[in-house]
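Notes follow once the structure below has been shown.
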Number of protein chains: 2
Amino acid sequence: MGTDFDNGITDLNLEDIARLSGVSRSTVSRVVNHHPNVSEITRRKVLEIIERYNFKPHPAARALASQRANIIGILIPHIVSDLFTDPFFSILLQGITTAANSVNYSPILWLTSANVDESAFYDQVFNDRLADGMIVASATVNASFIKRLDQRGKPYIIIGRPFTAYEQSSYVDSENEQGARMMVEHLIKQGRRRIGMITGRSGLTSSHDRLQGYISALQHADIPIDMRLITPAGDYSDASGYTGMKLLLHHRIDAVFAANDVMAASAMRAIKEAGLRIPEDIAIGGFDDMGISRTTEPQLTTVQQPITQLGDYAVRGLIDLLEGRVEPPYQQMLPVKLIVRQST
Amino acid sequence: MGTDFDNGITDLNLEDIARLSGVSRSTVSRVVNHHPNVSEITRRKVLEIIERYNFKPHPAARALASQRANIIGILIPHIVSDLFTDPFFSILLQGITTAANSVNYSPILWLTSANVDESAFYDQVFNDRLADGMIVASATVNASFIKRLDQRGKPYIIIGRPFTAYEQSSYVDSENEQGARMMVEHLIKQGRRRIGMITGRSGLTSSHDRLQGYISALQHADIPIDMRLITPAGDYSDASGYTGMKLLLHHRIDAVFAANDVMAASAMRAIKEAGLRIPEDIAIGGFDDMGISRTTEPQLTTVQQPITQLGDYAVRGLIDLLEGRVEPPYQQMLPVKLIVRQST
DNA sequence: AACAAGTTTGGGAGCGCTCCCACAATATTT
DNA sequence: AAATATTGTGGGAGCGCTCCCAAACTTGTT
C-alpha cells in the first residue's frame, strides 16, 4: 500500500499495520480503540508499528462501519452583524472547537449568511448526515425550530435557554438572572438609587433574564421600578449602548447596568461626552467580562460569564447524549461571578 | 430498512431507492451524481422516489468509496485576542462557510487556543485525514509551516500572501499595497502633506504591503518619508490605534492613514480628545471597510477589501486544486476600492 | 437485414474500518 | 490432572457507497 515519508502522513491501513506487526486486523483495531482484551506484549508491538508509520485510522471507513462520524455540527444562526460586533460568538466558537478537539471530535460549522436563501440553508443543515449531533449557538430558537431539531432525531444542545419548550430541550446557559441581580445589588450597596438599565436584544432569554435580575434586585431593596430608566431598544451592539445611554442621561440617574460589556463601553463614552465622571456621578456595570472591560477608562465592573466553559459543557453534554451516558434533556446552568473594578 | 417521517430524514440507502424505483443501485448512483448516461425517463422516476423519501447519500460511505470526503479544513492559527478585536476573521469565516456550503462542502474548523499545547494542536491538524484540503486563514505562516503543509500532500490555500516561499505556495490576497497607495494619493490630492501612518501587526504581509503603499505614494509625490510619522507598534487592535495616534499628535500632522478601520476608529477618538476637528485639522483614512467605518462620526474614508470574496476565492481555488482543474500554485490578488466618506 | 457504434443498465469488487462469533491460549478451580 | 472459566486472537460479514466492466438495448449505416 502506501509509502511513508519521515513524519509525513501515510496511507497505510489496518491490514498493513497488522501484517507489519504480525497480528490480525482485529487486534490492531482493538489496540487503536483501547479495547481491554489485548495482551500487553501485543499492544506494545502494535503501538510501535503504528507510531513508526504514524498510522491514523481512516475516518470515513470508521464512520461507515461504526455509524458514528465523531463530528459535531455547530450552528450559529445569527444575523451577520451580531457576529462582528459581539466577540461572544468568537469566544464561544473557540471554546467549542477546543473542547471538541480534546475529545477527538471534529466540529463542522454552519453560519447563516445575508445573501443566501434562509430556508434552503436550514434544509441543508437539518438534512445533514455528517454530524452525529449538533450545538446550536443562539438563543433565538423558536418552537418550530426546536420541533425540527427533535424531528431530526439526533442529539442537540442549545447554548442559551430557549423561551419555548425549554423543559424538554437540552441546553447550557449562564445564570444570567442571578448575575444581573448581583450587579444591581452591588450598585445599591454602593448607595445608588436611580439605577438605569440598558437592555440586550429582545427575544433572547439572556436579555430577558438579565432584565429580570435587575427588576428583582430593585424590588428586594424596595426601590420602585421606573420604566423610563429601562431603555427599550438595546440590542447588545455598540451603537445601541451609546444611544441608550444618551436617553438615560435625561433622567438624572446615578448608576446604570448595561446588559453586556460592549454596550457598557459605548455608554461610558456617552457619559464622558456629557461631562460626567465615572463612577462619581454615574456608576456603571456591564456583563460578560470580555477583554474590553479591562481596557475602558476606568476599568469596568462586570459580571463574569464563563463563555469558554459554556462551549465546554455543551460539547461534553452532547457527547454524553451521543454515547448514551445521559438521557435528554441535558440542562446546565453555569455560575457567574461579580468582578468589581473601578467603574462602580 | 428505515422508515420515513413526513419531512424528516430517512435512513434509506441507494439499494432501497433502487428497489423502490425498479432500477439498480448503479443507476441511482448515476442519478445522484448527475452522471450524463441516464435516460430522461429513468432519471425522473428515480428523482421522484429520492424526493419522496428525502434521500441523501451517506457521506461516510461516499467518502470511503470515492476517497473524497467533501470536507475542507479551516485553520485559524491566530492568537486568541486578535480573533475578538478584529471582525476580519468572523467575516472571513462567514465567507468561507457560505462558499463551501454552496458547493456542497462541509467546513471543519481548527482554532488555536491559549491553554492548549501548540505542537499537539498542530500534530492534530496536520495528521487529520478527514479534510480533503485546507484553507489557512492567517498570514503568520513561516517557512517551516509551509513545509509541513506541502509535506502533508493535500491541497491548501493560504489567505494572505506569506512572506516566505510565496512563489510556490497557493494563496488568495487583497491588493493591499495598491489600496494603501490609492488612499495616500487621495490624501495628497486633498492637499495634505504631513501624513502619518498607523501600521498593522508586524510580521504580516498585509501590514507590510500597506506600509509599502504608503511609502510609494509619498515617494511618487516627492514628499520625503519622515520616520517619526510612522508608528512602530501598531497591531490592528483598538488600543494600538489609540496610543499610536496619541504619539502622532506630537508631530503636527494634517492626515493619518491607519492600516485598518478598527485602529482608525480609535485614532479618531484620540484626535477628538485632543480637541482637533476631522477632517479640517486632521484627515483620516482606514482600511477594510467594515461596519465600523459607517458608524464613526464623521464617517470614515477607507479602502474596501473584499473579505467575503477572499473566502469565496479561497474555497473555489481549493476545490479546483482538489479536482485537478488547476495546478498549484493557485494565486489570486483581489482588487480593492477607495471609499471616500467624510473623514477626508 | 446485418452490422457497427453509441447509449443505457446491472452486478461485482472494493474502499478501510467495526463487531460478532469461534477458536486458541492461558489462568483458575476442583 | 482434568475440567472449567477467563483472556487473547483471527476471520467473516457488512456498513453504503463508487467505479469498472460486461451485457442489453438503441440508433445509424451500408
Side-chain angles (χ1 to χ4, degrees), chain A residues 1-2 9-47 49-50 53-71 104 128-130 132 322-323, chain B residues 1-2 9-47 49-50 53-71 104 127-130 132 322-324:
Chain A
M1 288 250 58
I9 232 174
T10 67
D11 55 352
L12 296 180
N13 59 25
L14 271 191
E15 204 81 57
D16 298 320
I17 299 297
R19 194 168 342 99
L20 287 165
S21 41
V23 299
S24 78
R25 176 171 38 86
S26 301
T27 299
V28 179
S29 172
R30 282 185 203 101
V31 171
V32 168
N33 295 299
H34 308 103
H35 197 91
N37 282 9
V38 181
S39 76
E40 205 41 44
I41 304 140
T42 312
R43 180 184 308 279
R44 258 203 265 280
K45 193 169 54 181
V46 173
L47 278 178
I49 301 291
I50 288 180
Y53 291 92
N54 192 24
F55 167 75
K56 304 277 180 241
H58 193 299
R62 178 178 262 193
L64 180 59
S66 68
Q67 300 291 28
R68 298 253 331 278
N70 276 33
I71 291 179
N104 283 306
D128 171 88
R129 299 246 261 149
L130 201 52
D132 300 321
L322 240 33
E323 306 194 336
Chain B
M1 286 250 57
I9 231 172
T10 66
D11 54 352
L12 295 180
N13 59 26
L14 270 193
E15 204 81 51
D16 297 320
I17 299 295
R19 197 170 337 102
L20 286 164
S21 40
V23 299
S24 78
R25 178 170 37 86
S26 301
T27 300
V28 179
S29 172
R30 283 185 202 102
V31 171
V32 168
N33 294 301
H34 307 103
H35 198 91
N37 283 8
V38 181
S39 77
E40 205 41 43
I41 304 143
T42 311
R43 180 185 307 279
R44 258 203 265 281
K45 194 169 56 179
V46 173
L47 279 177
I49 301 290
I50 287 180
Y53 291 92
N54 192 24
F55 167 74
K56 305 278 180 245
H58 193 298
R62 177 177 262 192
L64 179 58
S66 69
Q67 298 293 29
R68 299 253 330 279
N70 275 33
I71 292 179
N104 283 308
N127 281 322
D128 170 87
R129 299 247 262 149
L130 202 51
D132 301 319
L322 240 31
E323 305 192 338

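Just so it is clear: chains get the letters A, B, ... in the order the sequence lines come, proteins before strands, and each one is counted from 1.
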Quiz item: Base, sugar-phosphate, or nothing for B/V38, non-hydrogen atoms under 4.0 angstrom?
Solution: sugar-phosphate

Quiz item: Looking at A/N33, does any N or O in its side chain come under 4.0 Å of the phosphate oxygens OP1/OP2 on C/dT18?
Solution: yes

Quiz item: Nearest of C/dT8, C/dG16, C/dT18 to any side-chain atom of A/H58?
Solution: C/dG16

Quiz item: What is the distance, rounded to the nearest whole Å, between atom CG of A/N37 and atom P of C/dA22?
Solution: 17 Å

Quiz item: When B/F55 is tested against each of B/V32, B/L47, B/I49 for side-chain contact (heavy atoms from CB on, under 4.5 Å), which residue passes?
Solution: B/V32

Quiz item: Can we say B/E15 and B/R19 salt-bridge, meaning some charged N sits less than 4.0 Å from an Asp/Glu carboxylate O?
Solution: no

Quiz item: Using a cut-off of less than 4.0 Å, is there contact between a side-chain N or O of A/Q67 and OP1 or OP2 of D/dG16?
Solution: yes

Self-check item: From C/dG14, C/dT9, C/dG10, nucleotide with atom closest to B/S39 side chain
Solution: C/dT9

Quiz item: Between C/dG16 atom C1' and A/N13 atom CG, what is the distance in whole Å?
Solution: 6 Å

Quiz item: Within less than 4.0 Å of OP1 or OP2 of C/dT18, is there a side-chain N or O belonging to A/S29?
Solution: yes

Self-check item: side-chain N/O A/T42 vs D/dT9 OP1/OP2, d < 4.0 Å
Solution: yes

Exercise. Decide yes or no for A/L130 and B/I71: does some side-chain heavy atom of the first lie under 4.5 Å from some side-chain heavy atom of the second?
Key: yes

Quiz item: Given C/dT9, is OP1 or OP2 found less than 4.0 Å from the side-chain N or O atoms of B/T27?
Solution: no

Quiz item: Without hydrogens or angle criteria, can the side chains of A/N54 and B/N127 be said to hold a donor-acceptor pair below 3.5 Å?
Solution: yes

Quiz item: Do you know which two heavy atoms are closest between B/R62 and B/P57, and how far apart they sit?
Solution: NH2-CG, 3.5 Å

Quiz item: DNA chain D: A/S26 or A/E40, which has the more 5' nearest nucleotide?
Solution: A/E40

Quiz item: Touch check for B/S66, heavy atoms < 4.0 angstrom, all strands: base, sugar-phosphate only, or nothing?
Solution: sugar-phosphate

Practice problem: Measure distances between side-chain N and O atoms of A/R25 and base N and O atoms of D/dG12, and say whether any donor-acceptor pair falls under 3.5 Å. | Solution: yes

Quiz item: Counting side-chain heavy atoms from C-beta on, which of C/dG16, D/dT18, C/dG10 comes nearest to B/L14?
Solution: D/dT18

Under 3.5 Å, which N/O atoms of the protein pair with N/O atoms of nucleotides 25-28 of chain C?
none

Quiz item: Of A/R30 and B/P57, whose nearest nucleotide on DNA chain D comes first from the 5' end?
Solution: A/R30

Quiz item: Under 4.0 angstrom, heavy atoms only, what part of the nucleic acid is B/E15 near: base, sugar-phosphate, or nothing?
Solution: nothing

